[in-house]
Undergrad: 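Next up is a structure, given as structure tokens.
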Amino acid sequence: MNLRAIPPFLNKPIIQSSIWILISREFALSIVNVIFSLYILSVVQEGNLGLGLAYLASGLGQIIGGITLAKYFKKRELTVNFYKTMVNNFTNFIRVNA
């Protein structure tokens, strides 16, 4: 049995692009979540209540971001080239602003 074989339903570019977009989104949100928590605990010094409110705001931001992304990607054709272009643009943005 070949464990490295990709299941047939994952060979479609639209599925692969969607998976990479979700991975990128979760990675970015996790970094923002950690930085936001450290900011609340260290700078603002609000403790557990402030942290709870921060998570509430973060959750609402994720819901709003998800709705916005869904509307954006419904208008686009998801292909591997589209994803590569997005990643290249994001990488260039990071290099310029670093």
Undergrad: Mind checking side chain to side chain contact (heavy atoms under 4.5 Å, CB included) for Phe27 and listing every partner two or more places apart, or none if nothing turns up?
TA: Ile31
Undergrad: Can you name the side chain to side chain contact (heavy atoms under 4.5 Å, CB included) partners of Ile23, sequence neighbours left out?
TA: Ile19, Trp20
Undergrad: Not counting sequence neighbours, which residues clear side chain to side chain contact (heavy atoms under 4.5 Å, CB included) with Tyr55? List them please.
TA: Asn33, Ser37, Leu51
Undergrad: The criterion is side chain to side chain contact (heavy atoms under 4.5 Å, CB included); which residues satisfy it with Ile64, sequence neighbours excluded?
TA: Thr68
Undergrad: Could you name each residue pair satisfying side-chain hydrogen bond (donor to acceptor under 3.5 Å, both in side chains) that touches residues 23-32, not counting sequence neighbours?
TA: none
Undergrad: Hey, could you give me the NZ/CG distance between Lys71 and Leu69, rounded to the nearest 0.5 Å?
TA: 12.0 Å
Undergrad: Residues sharing Leu29's hydrophobic cluster, by side-chain heavy-atom contacts under 4.5 Å among ILVMFWY, directly or via others?
TA: none
